[in-house]
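Please read the structure below before turning to the comments.
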Protein chains: 2
Amino acid sequence: MNLEQVRALAAIVDTGSFELAARSLHLTPSAVSQRVRALESSVGQVVVRRTHPCTATPAGAVLVRLARQVELLEEESRDLLGITRAEPLALRVAVNADSLDTWLIGLLDAASTWPDVRLRFEVADEDHTLALLRAGQVGAAITTESEPVPGCRTFPLGVMRYLPVASADLAARFTGPDGVVDWAGIPGLRYDDRDDLQEHFLAARGSEAETPASQIPSAAGLRAALRAGLGWVLVPERTVEDELAAGLLVTLSDDVVDVTLHWHVWKVPSHRLDRLNEAIARAARDGLGPLPGGARGM
Amino acid sequence: MNLEQVRALAAIVDTGSFELAARSLHLTPSAVSQRVRALESSVGQVVVRRTHPCTATPAGAVLVRLARQVELLEEESRDLLGITRAEPLALRVAVNADSLDTWLIGLLDAASTWPDVRLRFEVADEDHTLALLRAGQVGAAITTESEPVPGCRTFPLGVMRYLPVASADLAARFTGPDGVVDWAGIPGLRYDDRDDLQEHFLAARGSEAETPASQIPSAAGLRAALRAGLGWVLVPERTVEDELAAGLLVTLSDDVVDVTLHWHVWKVPSHRLDRLNEAIARAARDGLGPLPGGARGM
DNA sequence: CGCTGTTACGATATGCGTAATCATT
DNA sequence: AATGATTACGCATATCGTAACAGCG
């Protein structure tokens with residue numbers, strides 16, 4: 001198996017097209033096409049879907065992961081040999097939007113001092129982060145599932161607590177004299193159409209959850225809408241602590257939603273990954289709630 | 001960094017010479033020499049000592065490990081793609097002689113059913129197994145130290161118990177009427193010149209251990225010499241259970257030497273390594289004593 | 001019809017083998 | 001001297017680029 005050809009495949013999946021891949025490899029599109037052709041004939045399977053953007057087939061995903069892991073090993077060796085490359089290595093990490101908006105910010109401070117890596121966060125739904133990891137597209141992922149992934153190490157990060165909040169006046173408008181919220185009537189907000197957390201919350205409260213919630217796929221936008229009284233939303237506790245204390249926002253219920261987050265990462269020996277693991281664990285310790293079933297470190 | 005060149009280096013270290021490496025790569029010695037030359041000029045360091053046999057320099061060791069780990073990843077990908085190569089992959093493991101003679105035999109039964117790997121045991125002194133692992137020469141090692149190796153995973157295996165034994169008549173000859181053994185007088189046996197276990201045992205008993213022990217670097221030979229009454233020796237308990245029960249051999253003291261063994265293995269995602277880890281853990285569970293400080297699984 | 005991937009074909013250059021040379025024992 | 005690594009050199013072939021072609025939106 002020719003690893004240069006595998007690299008070409010990875011570049012295509014990275015850039016999304018043969019043309020951009022050729023540019024990044026300092027080659028012509030023709031050469032890239034020929035490399036992929038040779039690779040496909042050697043493995044006997046189609047490795048890339050010629051779509052826009054180009055995507056890896058299941059067979060291609062295996063090879064993409066191979067390319068990335070070899071790249072990591074190679075950089076590790078280069079470090080040990082004292083050969084420093086000009087460009088830092090890209091570490092792709094799949095995360096959910098809420099994490100990136102909240103506790104992962106603590107990681108960025110640490111990461112800013114790493115000269116040899118460039119973090120590439122792929123924001124995805126919690127379910128989809130695992131798919132990206134399986135596909136070899138990312139080297140690590142934050143998930144809600146602790147189900148292990150082949151070739152990966154897993155450790156629990158902590159609990160992210162969501163509170164049902166709304167602006168004080170909106171809450172007052174939809175709260176009865178008995179202090180019970182009219183869940184079916186109060187307008188909802190949500191980040192994107194994959195946000196099933198809120199639907200579960202509503203379903204558990206008898207509301208059939210067909211409430212057409214406003215959709216604002218921006219953390220800042222969502223908070224602004226929240227403050228403006230456009231609707232209620234389940235948000236990470238940390239993001240609204242100040243507003244709650246100031247009385248601008250109120251919780252609609254004492255119930256909370258606790259989501260346990262897990263870290264999955266390639267089992268490849270790399271000090272870059274080790275350092276990332278440590279920093280992630282630290283950021284989680286600082287920014288997430290403790291684990292439910294007794295403390296277990298990494 | 002050209003991985004074909006790195007492969008050539010690994011082949012040289014494997015075979016011990018440029019010529020044999022060329023044969024194994026289906027090339028001429030000239031081509032191998034040129035590859036190494038190109039590699040050395042690209043990393044700016046000498047990677048192999050032109051001795052007999054050829055050995056890797058520190059820089060070369062880094063690259064050899066890279067080659068082996070990439071090979072493992074590549075095979076893993078090939079498995080996932082359903083491409084089975086003709087020749088199984090060589091997994092190199094550094095072990096101490098005693099383990100290979102005793103509890104590791106249980107592993108061989110399991111390993112015989114693996115069509116895709118060929119185990120290559122490198123027998124070495126316990127201290128040297130770690131060196132082989134660090135050098136990238138082997139992918140896993142059994143050691144007496146739990147000190148972690150960068151890029152490796154470690155778990156404890158269990159305790160190997162050594163008994164001081166001798167033939168019944170030799171024991172009788174060097175045991176006083178008070179039942180105390182004349183450690184300074186009784187002749188000793190040992191496997192090889194690295195066997196410091198016995199010297200420690202003697203030193204702890206006041207004997208200054210300059211006893212010129214007979215040296216028999218063969219497990220079968222050592223046991224034959226033991227039965228023949230040539231000397232006493234510290235041997236793994238399991239190897240002499242039957243003879244002790246039959247009264248052919250006797251223990252010279254109730255004191256035992258317990259050595260805790262540890263497993264170190266590359267942190268590379270490979271189902272071959274995972275399977276090996278499991279089998280090792282199982283063999284250790286069956287063939288070694290339980291861990292001293294409370295049971296902790298892998 | 002423009003965009004992007006593929007193919008045909010000529011050009012080049014990487015890298016091999018042959019054979020002579022050098023070093024080491 | 002013999003063994004094994006290196007080097008000089010010519011050559012083959014893999015691989016690239018150019019340019020024409022094809023599929024698709």
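Excluded from the calculations below are hydrogen atoms, water molecules and symmetry mates; all remaining heavy atoms, backbone and side chain alike, are included. Naming: A, B, ... by sequence-line order, numbering from 1 per chain. Fair warning: this is a prediction, and the values are worked out from it, not measured in the lab.
Here E40(B) does not pair with R37(B) in a salt bridge; the nearest charged N to carboxylate O distance is not below 4.0 Å. Using a cutoff of 4.0 Å between basic side-chain nitrogens and carboxylate oxygens, R120(B) and D14(B) are not scored as salt-bridged.
Scored by the side-chain contact (heavy atoms from CB on, under 4.5 Å) test, T84(A) finds no partners at all (sequence neighbours excluded). Under the salt bridge (Lys or Arg N to Asp or Glu O under 4.0 Å) criterion, E145(B) pairs with no residue at all, not counting sequence neighbours. Partners of R78(A) by side-chain contact (heavy atoms from CB on, under 4.5 Å), not counting sequence neighbours, listed by chain and number: E74(A), E75(A), I83(A), R85(A), M1(B). Residues that satisfy the salt bridge (Lys or Arg N to Asp or Glu O under 4.0 Å) test with R49(B), not counting sequence neighbours, are absent from this structure. Under the rule for a salt bridge (Lys or Arg N to Asp or Glu O under 4.0 Å), R118(B) has no partner lying at least two apart in sequence or in another chain. For L230(A), the side-chain contact (heavy atoms from CB on, under 4.5 Å) partners at least two apart in sequence or on another chain are L189(A), A225(A), A228(A).
Not a single donor-acceptor pair under 3.5 Å links the side chain of Q198(B) to the backbone N or O of R190(B).
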Got a list of protein N/O to nucleotides 8-13 of chain D N/O distances below 3.5 Å?
none

Using a cutoff of under 3.5 Å, can you pull out all pairs of nitrogen or oxygen atoms linking the protein to nucleotides 1-4 of chain D, with atom names and distances?
residue : atom : partner : partner atom : Å
dG4(D)  : OP2  : E19(B)  : OE1          : 3.4

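Recorded end-axis angle for the helix from dC1(C)-dG25(D) to dT25(C)-dA1(D) stands at 30°, based on five pairs per end and rounded to 10 degrees.
For DNA chain C, the span of nucleotides reached by chain B at under 4.0 Å from its heavy atoms goes, 5' to 3', from dG15(C) to dT18(C).
The interatomic distance linking L9(B) (CG) with dA5(D) (P) rounds to 14 Å, in whole Å.
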For residues 21-29 of chain A, tabulate all N or O donor-acceptor pairs below 3.5 Å that involve a side-chain atom, not counting sequence neighbours.
residue : atom : partner : partner atom : Å
S24(A)  : OG   : A21(A)  : O            : 2.9
T28(A)  : OG1  : A31(A)  : N            : 3.3

Going by atom type alone, with no hydrogens or angles, which donor-acceptor pairs under 3.5 Å involve a side-chain atom of residues 57-67 of chain B and a protein atom two or more places apart or on another chain?
residue : atom : partner : partner atom : Å
T57(B)  : OG1  : V46(B)  : O            : 2.6
T57(B)  : OG1  : V47(B)  : O            : 3.2
T57(B)  : OG1  : G60(B)  : N            : 3.1
R65(B)  : NH1  : R134(B) : O            : 3.2

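The environment of NE2 in H271(A) is crowded: more than 12 heavy-atom neighbours from other residues, nucleotides or ligands sit within 6.0 Å.
Between L91(B) and W114(B), every side-chain heavy-atom pair lies at or beyond the 4.5 Å cut-off.
R50(B) has a side-chain polar atom (N or O) that falls below the 4.0 Å cut-off from OP1 or OP2 of dT6(D).
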